[in-house]
Amino acid sequence: MTSTRQTSTADTAAVANSSATVLAVDGLCVSVRSESGLATLVSDLSFTLARGETLAIAGESGSGKSITSLAIMGLLPPPAVRVTGGVIRLGDTALTGLPEGQMRSIRGDRIAMIFQEPMTSLNPVLTVGSQLCEAIRAHEPVSRSAAQARALEALRQVRLSQPEQRMGQFPHELSGGMRQRVMIAMALVLRPEVLIADEPTTALDVTVQREVLDLLRDLQRELGTAIILITHDMGVVAEMAERVIIMRQGRMVETGNVRDIFARPSHAYTRALLDAVPRMGAGASRPSAAHSERKVPVARLDDVSVRYDVRAGLMGRVSHRVHAVERVSFDIRPGETFALVGESGCGKSTIAKAMVGLVPHEGMIDIVGHRVTGGRQAGAFRRAVQLVFQDPMAALDARMRVGDLVAEPLVIHGIGNATEQRKRAEELMILVGLSPDQLNRYPHEFSGGQRQRICIARALALQPQLVIADEAVSALDVSVQAQVLALLRDLQKNFGIAILFISHDMAVVENISDRVAVMFLGQIVEMGTREQVFGDPLHPYTRRLIQAVPLPDPDLKRAPIPRLTGEVASPIHRVGFGPERRQLVDTGDGHLVAMGDR
């Protein structure tokens with residue numbers, strides 16, 4: 001049922017005639033051709049966008065958000081997917097049915113788009129400067145030097161560090177946050193009337209996400225650009241948007257002022273989305289696992305370092321070493337969730353790989369009484385510890401049926417006969433909230449959340465004592481994320497499994513963890529119970545991570561996060577030189593200064 005706050009077609013037409021309206025979508029329908037005929041992807045969608053306004057389109061994967069943005073941009077993949085009804089107007093120009101030649105002149109000039117993954121949107125064989133200049137000269141008759149000057153100014157405008165150097169670099173030489181800033185610069189360099197940002201921060205760390213959102217808001221204020229923000233993160237919606245459209249299965253189920261939607265959602269689906277958002281402070285009421293010092297730890301790390309050699313020269317001699325993890329120590333106790341948090345590149349996943357023997361390390365790692373080395377581990381060890389990865393589709397063999405995938409660990413370790421293995425697979429499917437009838441399907445026939453449940457079922461097949469969940473929910477919609485987190489908590493409560501939960505999302509960590517270790521550039525800078533780390537964070541980097549979490553309340557305004565300045569100590573060092581001590585100093589004036597010394 002559609003909310004009474006939905007914009008009617010008549011209202012859309014009335015607002016479209018207003019001089020403030022830059023984009024009007026009226027009755028949009030998008031369909032895909034299949035063997036059985038046309039299937040509807042977006043049905044009867046209408047909305048308007050005013051100059052300088054931010055409109056959020058929110059909903060789970062498959063709701064039609066991105067298809068809508070591609071239809072507006074004229075980028076639907078032909079001939080299978082096409083607009084089958086409605087009109088899209090950019091000012092006085094009807095975009096629907098416009099020839100590709102004319103659409104190309106509009107795309108990038110009057111309307112631009114930022115995609116979710118900048119690495120796949122940027123040309124890997126062209127420098128950043130070349131790509132920016134190409135975008136400028138495709139629409140304006142300017143000289144190469146004039147285009148380069150404007151490209152450089154665009155990089156300065158998006159606050160990219162050392163813009164002159166970045167002009168000559170290739171995309172793979174930049175971090176994810178830097179690449180997204182380049183995409184924003186490319187989208188705004190021609191000052192378009194409309195900017196579509198399709199999940200622009202989903203793949204970014206929480207602090208980088210905050211910086212990118214603040215940047216978009218500042219640039220919008222300066223340029224007057226209207227923004228369509230496509231996201232499944234309701235915290236981002238609350239912070240960025242004036243109006244919001246909630247979509248489900250290709251239909252708009254509710255729309256209105258963002259404050260009204262958050263305060264008084266009228267549709268059950270909207271209420272479910274808001275209820276699923278992890279909120280800071282929600283974990284405070286959840287009792288922590290009992291932590292007796294007399295318990296024998298399931299896992300223990302003592303002074304662990306992971307370093308990679310960098311070879312150079314004709315002889316391939318080792319000239320430098322990457323200090324990915326430096327002198328890390330912690331333990332994980334039976335039945336607890338120990339969270340390892342920090343931004344990309346801090347060493348979280350490297351620690352997980354070292355714990356299961358996938359990368360060589362220095363120091364001591366002990367898992368359930370087994371000393372971990374860099375070689376092949378004993379069968380008892382491999383039964384005791386299992387991993388759940390971030391991307392379930394990449395972790396599952398697409399050619400195998402789910403029943404075979406779930407039972408495969410039993411087959412490898414020679415546990416039970418074929419009948420017993422099948423029965424155990426059925427039990428595991430029920431355990432993770434799926435049906436045994438689905439065992440004969442292939443992974444592509446499941447949703448992302450269902451595939452992650454299959455990965456969890458597979459991980460539980462050998463009744464492990466420790467499960468390492470490496471960003472296991474970061475790629476999931478917020479409602480699916482909540483379901484998977486609840487599943488992990490239930491399994492832990494029923495079976496006493498210890499969990500190493502690796503994440504960059506502090507709100508999720510606060511909701512699931514018992515103890516927390518915060519990592520910065522390969523080192524643990526703070527460790528304690530959930531109450532200690534979130535209730536009274538001691539390190540400025542921990543405070544920065546917490547302050548960057550989106551707040552799912554439009555009436556709450558966050559204080560600016562401390563800006564990170566200074567040259568961060570590099571993890572790459574010449575052979576013969578020890579690692580730099582990496583630290584952040586809070587100057588007290590809204591800045592954190594990164595410092596490194598020996």
Practice task
Answer with yes or no whether the side chains of T225 and E193 bring together a donor and an acceptor at under 3.5 Å.
Solution key: no
Problem - Nearest atoms (heavy-atom pairs only) where L132 meets A185 - result: CD2-C, 4.0 Å
Problem - M247 vs V253 side-chain heavy atoms within contact, under 4.5 Å - result: no
Practice task
Determine, stepwise, if the pair M73 / I196 fulfils side chain to side chain contact (heavy atoms under 4.5 Å, CB included).
Solution key: CA-CA 9 Å; M73 293 292 296; I196 300 175; 3.9 Å; yes
Exercise for the section: Taking all heavy atoms of I230 and all of P200, pick out the closest pair and write down the distance. Expected result: O-CD, 4.1 Å
Exercise for the section: In sequence, state the C-alpha distance, the side-chain angles, and the governing distance for L188 and I184, and then conclude on side chain to side chain contact (heavy atoms under 4.5 Å, CB included). Expected result: CA-CA 6 Å; L188 294 178; I184 294 172; 3.8 Å; yes
Problem - Check: R451 side chain, F446 main-chain N or O, donor-acceptor pair, under 3.5 Å - result: yes
Practice task
State, yes or no, whether a side-chain contact exists between L152 and M167 at a heavy-atom distance under 4.5 Å.
Solution key: yes
May I have the list of side-chain donor-acceptor pairs in residues 88-95 shorter than 3.5 Å, sequence neighbours left out?
| from | atom 1 | to | atom 2 | distance (Å) |
| --- | --- | --- | --- | --- |
| R89 | NH1 | D92 | O | 3.4 |
| T93 | OG1 | R110 | NH1 | 3.2 |

Practice task
Quick one: do R156 and E164 satisfy salt bridge (charged side-chain N to carboxylate O under 4.0 Å, His left out)? Show the steps, please.
Solution key: CA-CA 9 Å; R156 290 197 183 102; E164 293 85 357; 2.9 Å; yes
Problem - Side-chain donor-acceptor pair present, S66, S69, cut-off under 3.5 Å - result: no
Handout entry: Heavy-atom side-chain proximity of L55 to V244 below 4.5 angstrom
Key = no
Problem - Minimum side-chain heavy-atom gap F47-I228 below 4.5 Å - result: yes
Handout entry: Donor-acceptor under 3.5 Å (S503 side chain, D505 main chain)
Key = yes
Handout entry: R401 side-chain N/O to N440 backbone N/O, donor-acceptor pair under 3.5 Å
Key = yes
Exercise for the section: Could you walk me through whether S63 and Q249 pass side-chain hydrogen bond (donor to acceptor under 3.5 Å, both in side chains), step by step? Expected result: CA-CA 4 Å; S63 62; Q249 296 176 348; over 6 Å; no
Practice task
Give a yes or no answer on whether the side chain of T127 reaches the backbone of S130 with a donor-acceptor pair at less than 3.5 Å.
Solution key: yes
Practice task
State whether the number of non-hydrogen atoms from other residues, nucleotides or ligands found under 6.0 Å of E140 atom CD is greater than 12.
Solution key: yes
Handout entry: E199 side chain vs H232 backbone, donor-acceptor pair below 3.5 Å
Key = yes
Practice task
Taking only Lys NZ, Arg NE, NH1 and NH2, and the carboxylate oxygens of Asp or Glu, determine whether R217 and D214 approach each other closer than 4.0 Å.
Solution key: yes
Exercise for the section: Identify which one of V182, N123, I136 satisfies the side chain to side chain contact (heavy atoms under 4.5 Å, CB included) criterion when paired with Q131. Expected result: N123
Handout entry: Lys/Arg-Asp/Glu bridge criterion (N-O < 4.0 Å) met for D44, R251
Key = no
Exercise for the section: Please determine, by modelled atom types, if Q157 and E222 share a side-chain donor-acceptor pair under 3.5 angstrom. Expected result: yes
Practice task
Apply side chain to side chain contact (heavy atoms under 4.5 Å, CB included) to V30 and T40, showing your working.
Solution key: CA-CA 6 Å; V30 179; T40 302; over 6 Å; no
Problem - Carboxylate-amine/guanidinium proximity below 4.0 Å for K65 and D198 - result: no
Exercise for the section: Find the distance between CG (L434) and CG (L428) and round it off to the nearest 0.5 Å. Expected result: 10.5 Å
Handout entry: Residues E254 and Y269: side-chain donor-acceptor under 3.5 angstrom
Key = no
Handout entry: Test item: S46 side-chain N/O and G27 main-chain N/O as donor-acceptor pair under 3.5 Å
Key = yes
Practice task
Give a yes or no answer on whether the side chain of R51 reaches the backbone of G224 with a donor-acceptor pair at less than 3.5 Å.
Solution key: no
Exercise for the section: Could you tell me which non-hydrogen atom of A147 sits nearest to which non-hydrogen atom of R137, and how far apart they are? Expected result: CB-CG, 3.7 Å
Practice task
State which residue, out of L273, T255, I57, V237, fulfils the side chain to side chain contact (heavy atoms under 4.5 Å, CB included) condition with I246.
Solution key: L273
Fill in the blank from the handout: The side chain to side chain contact (heavy atoms under 4.5 Å, CB included) partner of V81 among L75, L70, L76 is L76
Practice task
Report yes or no: do Q169 and R166 form a side-chain donor-acceptor pair below 3.5 Å?
Solution key: yes
Problem - Intermediate values then yes/no, salt bridge (charged side-chain N to carboxylate O under 4.0 Å, His left out), D275 and R271 - result: CA-CA 6 Å; D275 290 343; R271 292 194 293 272; over 6 Å; no
Problem - Side chain to side chain, E100 and R107, heavy atoms closer than 4.5 Å - result: yes
Problem - Min side-chain heavy-atom separation D404-E408 under 4.5 Å - result: no
Handout entry: Basic-acidic side-chain contact under 4.0 Å: E211, R181
Key = yes
Problem - Contact check, side chains of S435 and M429, non-hydrogen atoms, under 4.5 Å - result: no
Handout entry: Polar side-chain atom of R150 near backbone of V189 as donor-acceptor pair, under 3.5 Å
Key = yes
Problem - Q452 side chain vs F389 backbone, donor-acceptor pair below 3.5 Å - result: yes
Exercise for the section: Decide yes or no on side chain to side chain contact (heavy atoms under 4.5 Å, CB included) for Q220 and L195, but give the supporting numbers first. Expected result: CA-CA 9 Å; Q220 181 185 42; L195 174 66; over 6 Å; no
Exercise for the section: Please lay out, stage by stage, how E53 and R243 fare under the test salt bridge (charged side-chain N to carboxylate O under 4.0 Å, His left out). Expected result: CA-CA 8 Å; E53 179 188 25; R243 288 190 298 129; 2.5 Å; yes
Handout entry: Within-4.5 Å side-chain heavy-atom neighbours: Q481 and V508
Key = yes
Practice task
Determine the minimum heavy-atom distance between P124 and F170, stating which atoms define it.
Solution key: O-CD2, 3.7 Å
Practice task
Please confirm whether the backbone N or O of G342 pairs with a side-chain atom of K348, one donor and one acceptor, at under 3.5 Å?
Solution key: yes
